[in-house]
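Before any comments, here is the structure.
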Amino acid sequence: MTVGGQGSASDVRAYRDGLARGEFVLPWCRSCARWRYPPGGRCPACRSADLEWTLVDPTGVVASFTIVHRSPSPQLEVPYGIVLVDLDATLRVMARAEDDLDRLRVGLEIEIFPIPWESSFVLMGRLR
Amino acid sequence: MTNPREVVSIVGASELPPGRYPHLDGLALLREALDAVLAASSLDPTAIDGLLVCPAGMISGGVTDVFVHERLADDLPRALRLSATMNVGGATYAAMIARSVDAIASGRARAVVCLGAGRFPPVRDDRGTLMAAMVAHPELELPVGAFIPALYALTATDLLHRHGLDRASLAAVAVAARAWALEHPLALQRLRGALTIDEVLEAPWVSTPFGLLDCSIPCEGGGGFIVAHASVLDPSIPRAEVLGIGEHHPHGMLTTARGLDAGCASPAIAQAFAVADVKPDDIDLWEVYDAFTSVPLAILPAAMGRSVADVAAAFRDGRTGPGGDLPVNTYGGLLSYGHTGDASGLSMIIEAVRQVSGTPIGRPVSEAELAFVHTYGGMLADHVSLVLGAQP
């Protein structure tokens, strides 16, 4: 499937559709061989709209983390973790962690997966 | 860029005391700020031909009045040659200096009044998420549970891990800020007494590695200054000369930042030093936007030309505090002076101007001739550095 290249609504929809299937997919620029993150219709480097929604390997490494003790919103129960996950050398994503918070350390292997959250989805991280 | 050394100074730097102003809305705060700046500058208001304004928008989750400069235009006596609403987060006011210097250097303005007001509400209910919506990606970061202290905590975890530091290094930054605040008559925490490392470490958790005392103090305020060509200034008016400016905008959101440390700020820092043609050893005082304790430890090494470990040791050994040889945030910083929301990028500039112009209202830094200021906005996304100097 090719990204339409017409603004962000279709990009967000394709991203959410992937999460709804339980898949983390992102646009991949075939000419630059790099992820288009955040998702968008054109590659910022080469301006190509020839982007392909591609399944991302969900295993990565904890780049940084924090354990939140004060909730920013009544919908979120503390404590929970926020993790920056390096999926490859050029792709970092943010995920929420709810299990094994005491074990969180920089450099550990972690797997990401989507779950429904409010009217959309959120990426979760689970230590391997 | 034209070297601004010959042409441009900052006068009239003043600020409402940080606090709560329940009887004033954002526009009323801006008018108070304008009054204070005009009174402090001793400048004939008919000399003012430029206006840059940042409205208080944080209270509404970043929704700002983008025409607020028009609402203030009739408070000035003459038609303007430069007028705009500006927001670059915490870097807004240093960026206003950059825009003003460019306009003055190219002959499009002579005296630009730069103003801001801010209302940083207490963080409760959904407010944390609302504020995070200003700086976090709505699909990719916000639903994760991102809020501003947690996002900065991610940079702090990285800093501590990368440089083998512990939370006591962060705490030392809060301790130094408090020591300066005790001697500043407007600092919010001036009556709270000195802090100890242990008190900072034992404060309730916010988001690891930050406890409550690693975070700045929310409050309200406003203020500004006038950036002016020497030809409109009476020689007797105290001023700080703008010697160097550097600017850098490396990314849009935390997750896409290429590195979470000073790497994203160093091009701005290097440019400011290069334009001013000075070295870190020449600097007499350092004013750096310190929304959280980790930020001075991330930014100052690039400015001081020292390692992170060296800078952390300087904080722990009292060298950055009152009487030290590397004075940092000599008014208490956002950590102990107060964080006025959208106006928070003002206080470190105002302090630098007051120190180098010989008009400090807190503890004077001895022989304060050259100040370095670093401000940033968003998630370390917008960086503007300044080198300010005393009038020769």
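Below, read A as the first sequence line, B as the second, and so on, with proteins coming before strands; counting in each chain starts at 1. What's counted below: heavy atoms across the whole structure, side chains too, no hydrogens, waters or symmetry copies.
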Q) Just wondering, more than 12 heavy atoms not from Arg126(A) lying within 6.0 Å of its CZ? A)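 Open.
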Q: Taking atom CZ of Arg258(B) as the centre, report whether more than 12 heavy atoms of other residues, nucleotides or ligands fall under 6.0 Å from it.
A: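 No, because the 6.0 Å sphere around CZ of Arg258(B) holds 12 heavy atoms or fewer from other groups.
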Work out which heavy atom in [X] is nearest to a heavy atom in [Y]; give both atom names and the distance.
X: Asp158(B); Y: Ala63(A); value: OD1-O, 4.3 Å
X: Pro38(A); Y: Thr256(B); value: CD-CG2, 3.9 Å
X: Pro72(A); Y: Gly145(B); value: CG-O, 3.9 Å
X: Arg70(A); Y: Phe147(B); value: O-CZ, 3.2 Å

Q) Which atoms of Leu151(B) come close to chain A, meaning under 4.5 Å heavy atom to heavy atom: side chain ones, backbone ones, both, or neither? A)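 Leu151(B) touches chain A through side-chain heavy atoms alone.
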(Q) Under 4.5 Å from any heavy atom of chain A, what part of Thr255(B) do you find: side chain, backbone, both or neither? (A)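 The answer is both parts of Thr255(B).
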(Q) Under a plain distance cut-off of 3.5 Å, with no hydrogens placed, do Thr66(A) and Thr157(B) share a side-chain donor-acceptor pair? (A)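 The answer is no; no qualifying pair exists.
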Q.
I'd like to check the side-chain hydrogen bond (donor to acceptor under 3.5 Å, both in side chains) partners of Arg36(A); sequence neighbours left out, ordered by chain and number.
A.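 In terms of side-chain hydrogen bond (donor to acceptor under 3.5 Å, both in side chains), with neighbours along the sequence ignored, Arg36(A) is linked to no residue.
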Q) What residues form a side-chain hydrogen bond (donor to acceptor under 3.5 Å, both in side chains) with Arg306(B), not counting sequence neighbours? A)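 With neighbours one apart ignored, the set is empty.
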Q | Part of Leu76(A) lying under 4.5 Å from any heavy atom of chain B | A |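 Just the side chain, heavy atoms under 4.5 Å.
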Q.
Which atoms of Arg105(A) are under 4.5 Å from chain B, going by heavy atoms: the side chain, the backbone, both sets, or neither?
A.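 Arg105(A) has no heavy atom closer than 4.5 Å to chain B.
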(Q) Quick one, Arg162(B) with Val106(A), criterion side-chain contact (heavy atoms from CB on, under 4.5 Å). Give me CA distance, side-chain angles, the key distance, then yes/no. (A) CA-CA 10 Å; Arg162(B) 204 175 286 277; Val106(A) 174; over 6 Å; no
Spatial distance of atom [atom1] ([X]) from atom [atom2] ([Y]) [nearest 0.5 Å]:
X: Leu123(A); Y: Glu139(B); atom1: CG; atom2: CD; value: 10.5 Å
X: Tyr80(A); Y: Ser207(B); atom1: OH; atom2: OG; value: 7.0 Å
X: Phe65(A); Y: His161(B); atom1: CZ; atom2: NE2; value: 9.5 Å

(Q) Sort by residue number and list every residue of residues 108-121 of chain A having at least one heavy atom under 4.5 Å from chain B. (A)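 If one takes a 4.5 Å heavy-atom cut-off, the residues of residues 108-121 of chain A near chain B are Trp117(A), Ser120(A), Phe121(A).
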Q: Side-chain contact test, heavy atoms from C-beta onward, threshold under 4.5 Å: evaluate it for Leu260(B) versus Leu84(A) and give yes or no.
A: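 Yes - at least one pair of side-chain heavy atoms lies under 4.5 Å apart.
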Side-chain polar contacts of residues 85-94 of chain A - donor-acceptor pairs under 3.5 angstrom, sequence neighbours left out - could you list them?
residue: Asp86(A); atom: OD1; partner: Arg92(A); partner atom: NE; Å: 2.7
residue: Asp86(A); atom: OD1; partner: Arg92(A); partner atom: NH2; Å: 3.4
residue: Asp86(A); atom: OD2; partner: Arg92(A); partner atom: NH2; Å: 3.3
residue: Asp88(A); atom: OD1; partner: Thr90(A); partner atom: N; Å: 2.7
residue: Asp88(A); atom: OD1; partner: Thr90(A); partner atom: OG1; Å: 3.1
residue: Asp88(A); atom: OD1; partner: Leu91(A); partner atom: N; Å: 3.0
residue: Asp88(A); atom: OD2; partner: Trp35(A); partner atom: NE1; Å: 2.9

